[in-house]
Amino acid sequence: MLAGEPYLADDPEIAADVLRAERLSAEVNSSPAGDPDRRRAALAALLGGLGEGSEVRPPLRVDLGYRTTIGPRSFVDFNAVFLDVAPITIGADVLIGPNVQLLTPTHPLNPERRRATWEAAEPITIGDNVWLGGGVVVCPGVTIGADTVVGAGAVVTRDLPAGVVAVGNPARVVRSVADPAPGAAPAGGEPAS
């Protein structure tokens, strides 16, 4: 599993890791809003890394927890689902909207192998200063480049380069973040012509 090879999902070691993650997730998700230190301690125990100044609003759901790292000053809104069988790396200054799903597991197309509980997984990397709008789904093996914005509800099935805006299902690049939106005032505040 750790090497990216197929594995049996019902392996006892994996089951123990999942149970650990469920216990720690319950602690994160039930931590009182008025006790941010307790929540941060629970998150630090659950995750593989939690950068300084980062915030994760519960509820949070993970497979393993320790395969997810979140860089400094990042924000994860309510109802995040991080299926981190493979590593999930979230950079610095990332904004993740509500109901975002980062999904690393893959399943065989062959029904016999699926029934036998074979799985694999591919890592997800979210670059620095990325913004994932509400309800975005990021599929296994995807890398999203720095400064990219992914519109609400998009399904990201392939890598996205740095500095673009992507929308839709499947997500497609519609422009550079440096380009003004249609009808928007360009830099400097002058109205668009």
Side-chain angles (χ1 to χ4, degrees), residues 1-30 42-43 45-50 56 58-71 74 76-91 94 96-127 130 132-145 148 150-161 164 166-173:
M1 178 182 84
L2 297 178
E5 299 293 324
Y7 60 90
L8 290 169
D10 57 1
D11 177 88
E13 279 186 64
I14 296 171
D17 283 348
V18 168
L19 184 60
R20 171 198 168 275
E22 287 176 2
R23 181 180 54 77
L24 290 169
S25 293
E27 192 173 327
V28 167
N29 294 333
S30 66
L43 281 165
L46 173 64
L47 301 176
L50 181 63
V56 178
L60 169 67
R61 302 284 183 237
V62 297
D63 267 339
L64 304 175
Y66 66 84
R67 307 289 313 267
T68 295
T69 59
I70 300 174
S74 290
V76 179
D77 214 335
F78 306 109
N79 295 316
V81 175
F82 297 165
L83 300 187
D84 59 348
V85 179
I88 294 175
T89 305
I90 298 168
V94 173
I96 295 180
N99 301 307
V100 167
Q101 300 176 52
L102 306 180
L103 312 174
T104 70
T106 64
H107 302 276
L109 295 178
N110 178 289
E112 299 302 321
R113 289 183 59 80
R114 273 197 319 275
R115 201 172 1 265
T117 74
W118 284 99
E119 282 185 12
E122 299 177 32
I124 291 174
T125 303
I126 309 296
V130 165
L132 302 179
V136 167
V137 175
V138 179
C139 292
V142 166
T143 295
I144 299 176
T148 286
V150 181
V155 178
V156 186
T157 60
R158 295 193 174 113
D159 291 353
L160 294 174
V164 299
V167 298
N169 181 2
R172 68 192 185 293
V173 174

**Study point:** Chi angles and distances behind the side-chain contact (heavy atoms from CB on, under 4.5 Å) call for R61, N29
**Key:** CA-CA 9 Å; R61 302 284 183 237; N29 294 333; 2.8 Å; yes
Looking only at heavy atoms, what is the nearest atom pair of [X] and [Y], with distance?
X    : Y    : answer
P140 : T104 : CB-O, 3.4 Å
A9   : I14  : O-CG2, 4.0 Å
P108 : R113 : CG-CB, 3.7 Å
A21  : V62  : CB-CG2, 4.0 Å

Point to revise | side-chain contact (heavy atoms from CB on, under 4.5 Å) between S74 and I96, intermediate numbers included | key: CA-CA 8 Å; S74 290; I96 295 180; over 6 Å; no
Practice item. Step by step, work out the side-chain contact (heavy atoms from CB on, under 4.5 Å) result for W118 and L8. Key: CA-CA 5 Å; W118 284 99; L8 290 169; 3.5 Å; yes
Can you tell if the side chain of [X] reaches within under 4.5 Å of the side chain of [Y], non-hydrogen atoms only?
X    : Y    : result
L102 : L132 : yes
V56  : F82  : no
V155 : C139 : yes
L60  : L46  : yes
P59  : N79  : yes
V85  : Y7   : yes

Practice item. List in chain and number order the residues that pass side-chain contact (heavy atoms from CB on, under 4.5 Å) with D17, two or more places apart in sequence or in another chain; answer none if no residue qualifies. Key: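 Testing D17 for side-chain contact (heavy atoms from CB on, under 4.5 Å), a comparison that skips the adjacent residues, returns L64, Y66.
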Exercise for review: Determine which pairs satisfy side chain to side chain donor-acceptor pair (under 3.5 Å) with at least one residue from residues 150-160, sequence neighbours left out, and list them in order.
Suggested key: none
Rounded distance (nearest 0.5 Å) linking atom [atom1] of [X] with atom [atom2] of [Y]:
X    : Y    : atom1 : atom2 : answer
E27  : E22  : CD    : CD    : 14.5 Å
I126 : I144 : CD1   : CD1   : 4.0 Å
T148 : L160 : OG1   : CG    : 6.0 Å
T68  : L43  : OG1   : CG    : 11.0 Å
D63  : E119 : CG    : CD    : 7.5 Å
H107 : L109 : NE2   : CG    : 11.0 Å

Exercise for review: I would like to know whether V100 and D77 meet side-chain contact (heavy atoms from CB on, under 4.5 Å); could you show each step before the answer?
Suggested key: CA-CA 8 Å; V100 167; D77 214 335; over 6 Å; no
